[in-house]
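What follows is one structure encoded as structure tokens, with my remarks underneath.
In this text, all values refer to a predicted model and were calculated from it rather than measured experimentally.
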Amino acid sequence: MATPKLEWDTTMYRLAVAQLDKTAALIELDDNIWERLRTPQRALVVSFPFRRDNYVEVDTVFGYRVQHLLTMGPTKGGIRYDVGVDLGETTALAMWMTWKCAIMGLPFGGAKGGVRIDPRGFSEQELQRITRRYTSEIIDMIGPDRDIPAPDLGTNEQTMSWIMDTYSQQKGHAVPGVVTGKPIEIGGSLGRREATGRGVVTCVVESCRQLGLAIDGARVAVQGYGQVGGTAAKLAGELGARVVAVSDLHGGIHDPGGLDLGKVEAWHREHGSFRDYPGVDHVTNGELLELPCEILIPAAIQNQITHENADRIRCRILAEGANGPTTLEADEILWKKGVHVVPDILANAGGVTVSYFEWVQDAQQFFWTEEEVNGRLIQIMQRAYQDIAGLAGSRGIDLRTAAMMRGVRRVAEAKRRRGVFP
Ligand code: NAD
């Protein structure tokens, strides 16, 4: 399909569109729906100033909010603070959110947002001013019935609290349902912080069952030690797996005998990195991906497994905690090598699933126990995994293609039912 030059055309956007195009051809998607789904429905770019702590300097930064699809209900998607944030990346992430919500059967379309900053370069007060100003710039786009942000790379519960407070100040009353991933005290859900990691590990367990691989003693390597990677490592360890490597932005540590996760957690909390961690091999983020292991969990950023290193990946199961860690070319290499890739739109969908639970609890002002949240999450993840694995098996295709087929079909059917206005 010929496309004019698009404002959001970047490498990451092209990856998201290439995945859609491959799926559309396979399911013989209606051309009009296909064309509509390749671009965002709404995209907002803002530039805004904020005061530095000395109250003399004022810096200006770029912010984005993209809503890919408004057909399914309100839109939903995280907010990212990172130097790589641009319109193309935000659009790609919003598209993936659309498929993810459709696969999980959640009543949302996909969205994403972000600010192009390195959050580590700012004080807590500066981050608060950036967040509040960003919120007021995008305020007309968001709301519990419109578009509900959540945390992503570089943002957390505190960021969500500032967004919720700024929005509520404008409305004149507390509106907890405007964001998810909030602290419990202001309407957050138990289990949300661990939800994405728990979902990843649920997919790993299902994959092990399918492949006849024991989780007990299986070697696990995790790239990224944040909300997703840190939790995935901890939960995999609790199931008896041997976590042999973890990393953060600055690099990682490797112990073939298995890391002491309690010690690793305490060290990282105290030192903020794994530098100088004693008694282990220190590895780069690239080296970590190529370590021998049964289970590899990339849980940091996109574009980590490419045609350059895919052939050297030695895991049996690759569960994508991060969004977009594997390129299309790498996917083909891994498929030929027999690596079982659980795609991001399935593997990391636990986060948006418990975000959905949080939104429901906020609307009802009726809160669930942690056991209820975790139990429902695991049940939904298992059902989605088995559904996608069944489709993949029956068609002889990989899990990503099967997941995309499921997601795109659901969206296309909803669009067909709603018709074209006017
Ligand atoms: P986070 O900020 O809590 O943690 C990110 C981790 O990755 C940190 O350890 C950081 O040091 C590391 N990292 C950052 N840049 C890196 C780089 N260039 N190389 C190697 N490591 C790097 O973020 P998170 O919420 O854990 O998100 C991680 C990934 O998971 C992202 O791709 C995000 O989009 C995806 N994701 C997150 C959620 C969620 O609920 N938080 C849900 C779905 C998907």
Please give me the minimum heavy-atom distance between [X] and [Y], naming the atom from each residue.
X	Y	result
E124	Q158	OE2-CG, 3.9 Å
L190	V373	O-CG1, 3.3 Å
I313	L318	CG2-CD1, 4.4 Å

Here the gap from Q364 atom CD to W359 atom CH2, rounded to the nearest 0.5 Å, amounts to 10.0 Å
CD (E265) and CD (E270) are apart, to the nearest 0.5 Å, by 12.0 Å
- request: Given salt bridge (Lys or Arg N to Asp or Glu O under 4.0 Å), test R14 with D9 step by step and report yes or no.
  value: CA-CA 7 Å; R14 269 179 240 145; D9 188 11; 2.8 Å; yes
Steps toward salt bridge (Lys or Arg N to Asp or Glu O under 4.0 Å) verdict (R52, D59): CA-CA 7 Å; R52 300 303 301 259; D59 280 358; 2.9 Å; yes
Heavy atoms from other residues, nucleotides or ligands near [atom1] of [X] exceed 12 (cutoff 6.0 Å):
X	atom1	answer
R376	CZ	yes
R242	CZ	yes
F62	CZ	no

Thinking salt bridges, do [X] and [Y] make one under a 4.0 Å N-O criterion?
X	Y	value
D30	R416	no
D165	R132	yes
R316	E294	no
E157	R193	yes
R410	E413	no
D140	R146	no
E194	K234	no

Would you please indicate if the ring centroids of [X] and [Y] are separated by under 6.0 Å?
X	Y	value
H68	W99	yes
H268	F274	yes
Y134	F50	no

I'd like to check the side chain to side chain donor-acceptor pair (under 3.5 Å) partners of [X]; sequence neighbours left out, ordered by chain and number.
X	value
D331	R400
R406	D387
R51	none

| query | How far apart are the C-alpha atoms of D362 and K182, what are their side-chain angles, what is the distance that settles it, and do they pass the salt bridge (Lys or Arg N to Asp or Glu O under 4.0 Å) test? | reply | CA-CA 11 Å; D362 286 337; K182 301 177 289 293; 2.6 Å; yes
Would you say the side-chain atoms of [X] and [Y] include a donor-acceptor pair closer than 3.5 Å?
X	Y	value
T326	E320	yes
S247	N285	yes
Y81	T159	no
Q125	D53	no
N374	E371	no

Open item on the list: Parallel, tilted or perpendicular, judged at 30° and 60°: which one describes the rings of W368 and F357?
Closed with: tilted
Problem set entry | Ring geometry between Y356 and F108 (parallel below 30°, tilted from 30 to 60°, perpendicular above 60°) | perpendicular
What do the steps show when you test D82 against R80 for salt bridge (Lys or Arg N to Asp or Glu O under 4.0 Å), and what is the final call? CA-CA 6 Å; D82 187 74; R80 177 174 283 206; 5.6 Å; no
Is there a donor-acceptor contact under 3.5 Å from the side chain of T71 to the main chain of K415? no
Exercise for the section: Please report the C-alpha distance between S355 and R192 in whole Å, then the side-chain angles of each, then the deciding distance to 0.1 Å, and finally whether the side chain to side chain donor-acceptor pair (under 3.5 Å) criterion is met. Expected result: CA-CA 7 Å; S355 273; R192 172 62 184 87; 2.9 Å; yes
